[in-house]
Amino acid sequence: MSPSSIVTQKANPPVPHIRCLTDPALHNPEVQAPGRHKADERLQLSHRALLISESPNSSFGRKIKNFVNSLRIQVKVASKSKALPVLTNKKSARFAVVIFENYLSYLKLDNWNRQLIDKYCRDYHVGIVGFIKPPKGGKDDVIYLDGYHLTLQYKLTLEDYKLNFDSYLWRVVKPGELWEGFLPGKWTVFHSNHSTYQNLAFSKLSSRFFEFGSGETNNLKGFKFVTSIMDKGEIDGIPKILFGSDLSFWLHTVMMMDALSYLSFGKLELKLERYIQIDVDDIFVGKEGIRMKVEDVEALVETQDRVQKDVPGFQFNLGYSGGFYLSGNNEEDKGDRKLLEYRKKFRWFSHMWRHEQPHKFPTDFIESSMLMNKDFAKENDITVYGEYSVAPHHSGVYPVHEPLYRLWKEIWGVKVTSTEEYPKLMPAWQRRGFVHSGIMVLPRQTCGLFTTTIFSSDYPGGLEALDAAIQGGDTFQTILTTPISIFMTHLSNYGNDRLALYMLESIVSFIKCWTNLKLLSLPPVELGFKYFEMFPQDKEPLWTNPCEYYRHKDLWPVNKTCDGLPDFIVVGPQKTGTTALYSFLSQHPSILSNKPSPQTYEEIQFFNSHNYFRGLDWYLDFFPQREKPNRTLLFEKSANYFDSEVVPKRIATLLPRVKIIVLLMNPAKRALSWFHHMRYHNDPTALNSTFREVVTASGDAPSKLKNLRNRCLQPGLYSQHLVRWLDYFPSKQIHIVHSDELKNDPVQVMDSLQKFLNVQPHRNYAQHLRYDPKKGFYCSVMSDGQTKCLGQSKGHKYPAMDAESERYLRLYYRKHNINLSKLLASFDSELPEWLKYELKQADLLKS
Ligand SMILES: Nc1ncnc2c1ncn2[C@@H]1O[C@H](COP(=O)(O)OS(=O)(=O)O)[C@@H](OP(=O)(O)O)[C@H]1O
C-alpha cells in the first residue's frame with residue numbers, strides 16, 4: 001500500500017472489547033489466604049532457584065531460565081545427568097525452589113541424587129515445580145505413578161482453560177475468567193485420588209480432536225481434564241506444583257510466578273504493583289495525513305480520563321517538537337490547536353526543536369535546538385516537565401553522548417530519561433536502567449505499536465496480532481514481568497485508527513480481569529527514584545563497546561573512532577614491576593601507551609575507581625591515534641586493577657577480546673615493597689608502624705592499622721583474584737609475567753610477551769636494555785648510549801624483612817600459594833622459584 005493510499009483510507013477506530021466475566025473485586029488474595037507468603041526466618045533460604053534441565057543446551061530449559069531471570073530471580077542450572085550442585089552452605093540453603101524441566105526425570109533420578117534432593121526439600125520446606133514431558137517413543141498414553149496415587153494421561157489436544165477459583169495458590173492470577181481457544185501443543189492431564197492433591201486448572205478435549213475421529217463421546221467435552229495440579233506434600237513431605245505442558249500457553253507464565261512465590265514462602269516473587277508510563281513522542285512531528293485531528297485529541301483526553309479510574313495518577317506524557325507545529329493539513333492544524341487548548345491535561349516534556357538526533361550535530365546546534373523548543377513552550381503557555389526528556393531514536397542516551405547530558409541539565413534541569421538501548425535492545429527482558437552524570441536513565445519497553453502503522457488493517461498480522469500481544473502475548477508479558485514499564489508511542493498511533501488508545505484500554509482491562517496486579521503511575525522523576533529503590537544494583541552502568549553492536553554504532557558520532565580502545569592491559573598488582581614493564585613496552589615502535597593523567601600519572605585507573613562513572617569518552621581521550629592502524633597496539637597499565645572485585649567484569653564487558661597481563665612475585669616481598677612505598681609517600685600510619693606491626697595487626701589493633709594491613713596483604717591472595725579473572729577471560733587471553741624474571745632477565749620476558757601480543761616487528765630488547773650497576777636494575781639504553789632508569793621511588797633501598805614477619809606471611813599465604821601452584825598449570829606457566837621455595841618452607845614450618 002502506498003503512503004498516499006494509506007492516508008485516504010477511512011478511519012474507523014477499533015473499539016476495546018475486553019470485559020471481565022467475574023467481578024474483578026471478587027478475588028482478593030490477601031483476604032483469601034492471610035499470611036501464606038510470609039517468609040519464615042528460620043529457613044534462611046537464598047533468593048535463588050535451582051533448575052534441573054534435561055541437557056545443557058535444552059531449549060525449554062533455557063526458556064524456563066530466561067523467564068525466571070526476567071523476574072530478576074537468579075537461577076542455577078544443573079543438568080540431570082551431572083552431579084547436583086552444592087545445596088547448602090554454612091549460612092543458608094542455596095535454593096528456595098527446585099524446578100524440573102521434566103518432572104519424570106525427577107522421578108527417575110538415581111537413588112543418591114534423589115535422596116539428596118528430597119532430604120534438602122524436606123529439611124528446608126523447599127517445593128518442586130515440574131513440567132511433564134511424555135517419554136519419547138512411549139507406547140502408553142496413560143501411566144500410573146506408583147506410590148503417588150496419580151495417573152498421567154499424555155498427548156491430548158485441548159481447548160479452553162479455566163482455573164480452580166478456590167485454590168489458595170493464586171496471587172498474581174485472578175482465577176474467575178475463562179480462556180477460550182485452542183491450547184498450543186500436546187498436553188498431559190492428571191487424574192488423582194488422594195487428599196494431597198488440589199486441582200489447579202481444567203481444560204476440555206479439543207473439538208478438533210473429535211473431528212479427526214477419536215471415537216470418544218461428547219460427554220468428555222466438559223472441563224474434566226486437570227492440566228495443572230498441586231501436591232501439598234502429604235505423601236512424601238514435599239510440596240509440588242505440576243504443569244501438564246510447558247510455558248507456551250500464556251497463562252502458565254502467570255501460574256508459574258504464583259508457583260514460585262508459593263513454594264518459596266514469598267522469597268521468589270515480585271510485588272504486585274506495576275507502574276506504567278506512556279510517552280507520546282513526536283508531538284507535532286509527522287507528515288500530513290498521519291497527524292491528530294480534533295476528534296483524535298478529544299479521544300485522547302477521554303481515554304486518559306477513563307484509564308485514570310483503573311490506573312491512579314495516569315497521565316500521558318507528551319514529547320513535543322515545536323518546530324513542526326501547524327505543519328499538517330487544515331484538519332490536522334486544528335488538531336494541533338486543540339492539543340494546545342487541552343495542554344493543562346497532559347504532562348509535556350521537551351524533545352528537540354525539529355527532532356534532531358543529538359549525536360549527529362555540533363553541540364552549539366543542539367543547544368539552540370533545545371532553546372528554541374523551550375521558547376516555543378513559553379510562547380504557548382505550556383508548562384514543561386523539564387526533569388524528563390528523551391532523545392529522538394535514543395540518540396545520545398546510550399551510547400552516552402556527553403554534550404547531550406550536559407545540555408539537558410543546563411537548559412532543562414533533566415533528571416531522568418529513558419531508552420531501549422541499554423545494554424541493548426534484545427532480549428527485551430534484559431534491558432536495564434543506570435545513572436550517568438546525575439541523570440537517571442530508565443529502561444523503556446515496547447508495546448506492540450509501530451510508528452508507521454496507523455490503521456488496524458495495516459497492522460502486521462491484522463488486529464488479531466495486536467490482540468494476541470495484549471491478551472497474554474508480548475505486551476502482557478512485559479507488564480507481567482516488569483515492575484516499571486515505560487512505553488514509547490508516537491503521534492501517529494493516536495490519529496486515524498488510534499491504535500495506541502485501543503492497546504492501552506485493552507491491556508488495562510485484560511490485566512484487571514486476569515490478574516491481581518495493581519496498575520499505578522507516577523511522574524517520571526518519582527518513577528526514577530522508585531526504579532533505583534527497587535533495583536539499587538542497576539545504578540552503576542556497565543559500559544559496552546558502541547562499535548560491537550550495529551545499533552549502537554549507528555548512534556556513535558562519526559567523528560568518534562572505533563579503534564581507540566586498548567588491545568591489552570597490564571593489570572598489576574602493585575609493586576610487581578609494572579612501571580618497568582610499562583616503560584619497556586612503550587619503547588616498542590608498534591606499541592603506544594595511554595597519555596598520562598594529571599592525577600595518577602602513567603596510570604588511568606578507569607575500571608577500578610570513580611573515573612569509571614565519568615564515562616567512555618573520558619577513557620577514550622587517554623588514547624593516542626594509532627600510527628599504523630593495523631599494526632599499532634594500544635595499551636594501558638593500572639596496577640590496582642588486578643585485585644579489584646569489579647574490574648574483570650567491567651573490562652570484559654567493554655573489551656571482551658583484550659589481552660590481560662598479570663605480574664606475580666612472592667606476595668610477602670610484594671607486601672614489604674608496598675609498605676615501604678607507603679612510607680615513601682608519607683602515609684602516617686605506615687610511618688608510625690613497623691612492617692611487623694602492620695602485617696600482624698588484628699583484633700583490637702587500631703582500625704587504621706588493620707585497614708593498612710588489609711590493603712597491604714590482600715592483593716597478594718593471587719589465586720583468589722586470578723580465579724575472578726578466569727570467570728571473565730579464557731586463560732589464553734591472560735599472560736603471566738614473573739616479576740623476578742622481569743628484574744633479572746627482561747630481554748627474555750619481552751621476547752615471550754611480544755609473541756603473546758603478536759606484535760610486529762619483533763624488537764630485540766638485548767640492544768635496548770642494559771643492567772645498570774648503580775641502580776641495580778635493567779634500564780633503557782638511550783640514543784647517546786647512556787642508560788635511563790626508572791625514578792627514585794622504583795627500586796629503592798629499604799631494610800630486609802624481619803624473620804618473624806617472614807614466618808608469619810609464609811603461613812598466611814600458604815593456602816593461597818598452594819592454590820596458585822595449581823592454577824598456574826592452566827596458564828602453561830612453570831612454577832617460579834619463589835613459589836617452590838615458599839611451599840617447601842611452609843611445609844617445614846607446619847611439620
Ligand atoms: N628495571 C626496573 N627498574 C626499577 N624497578 C624495577 C625494575 N624491574 C623491576 N622493578 C621492581 O618494580 C618495583 C616497583 O613496582 P611497580 O612499578 O609495579 O610499583 S607501582 O605499583 O607502580 O608503585 C620495584 O620495587 P621496589 O624495589 O620495592 O621499589 C622494583 O623492585
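Just follow the structure's listing: the first ligand is 1, and inside any ligand the first atom is 1.
Annotation: atom 1 (N) of ligand 1 to nearest protein heavy atom, Y778 O, 2.9 Å. Ranking the protein heavy atoms by distance from atom 23 (O) of ligand 1 puts K794 NZ, 2.9 Å first. At the shortest separation from atom 25 (O) of ligand 1 among protein heavy atoms lies S673 OG, 3.7 Å. Atom 21 (O) of ligand 1 has K575 N, 2.9 Å as its closest protein atom, hydrogens excluded (heavy atom only). Taking atom 31 (O) of ligand 1 as the reference point, the nearest protein heavy-atom neighbour is F777 CZ, 3.5 Å. Closest to atom 17 (O) of ligand 1, if we only count protein heavy atoms, is T579 OG1, 2.5 Å. In terms of protein heavy atoms, atom 15 (O) of ligand 1 is closest to G577 N, 3.1 Å.
Below 4.0 Å from some heavy atom of Y798 lie the following atoms of ligand 1, by number and element: 26 (P), 27 (O), 28 (O). Per-residue contacts place H796 under 4.0 angstrom from the following atoms of ligand 1 (heavy atoms of the residue considered): 29 (O). Contact atoms of ligand 1 toward K637: 22 (O) (distance under 4.0 Å to a heavy atom of the residue). Ligand 1 places these atoms under 4.0 Å from at least one heavy atom of A580: 1 (N), 2 (C), 7 (C), 8 (N). Near Q574, with a cut-off below 4.0 Å to any heavy atom, the atoms of ligand 1 are 21 (O). Listed by atom number, the atoms of ligand 1 under 4.0 Å from H677 heavy atoms are 23 (O).
The aromatic ring centroids of Y398 and F434 lie less than 6.0 Å from each other.
Looking at R724 and H721, their side chains do bring a donor and an acceptor atom within 3.5 Å of each other. Between the side chains of Y582 and E603, no donor N or O sits under 3.5 Å from an acceptor N or O. No donor-acceptor contact under 3.5 angstrom links the side chains of Q574 and H677, judged on distance only. Side chain to side chain, T685 and K704 fail the donor-acceptor criterion of an N or O pair below 3.5 Å.
For atom 26 (P) of ligand 1, the nearest non-hydrogen atom from the set S793, G795, G572 comes from G795.
Figure legend: cation-pi geometry between K794 and F777 absent, as NZ or CZ is not positioned both under 6.0 Å from the six-membered ring centre and within 45° of its axis. F535 carries R72 over the face of its six-membered ring, with the cationic atom under 6.0 Å from the centre and within 45° of the normal. Both cation-pi conditions hold for R763 and Y765: the charged atom is under 6.0 angstrom from the six-membered ring centre and inside a 45 degree cone around its axis.
Each of Y612, F622, F623 was compared with F606 under the ring-ring contact (aromatic ring centres under 6.0 Å, His included) criterion, and only Y612 meets it.
In Q792, neither the side chain nor the backbone holds a heavy atom less than 4.0 Å from any atom of ligand 1. Proximity of P746 to ligand 1, defined as any heavy-atom pair under 4.0 Å, is not found for any part of the residue. Counting heavy atoms under 4.0 Å from ligand 1, residue T578 touches it through both backbone and side chain.
What you find for P573 and T576 is that their closest heavy atoms are O-OG1, 2.6 Å.
Using a 4.0 Å cut-off between charged nitrogen and carboxylate oxygen, D567 and R626 count as a salt-bridge pair.
The closest approach between a heavy atom of L742 and any atom of ligand 1 is not below 4.0 Å.
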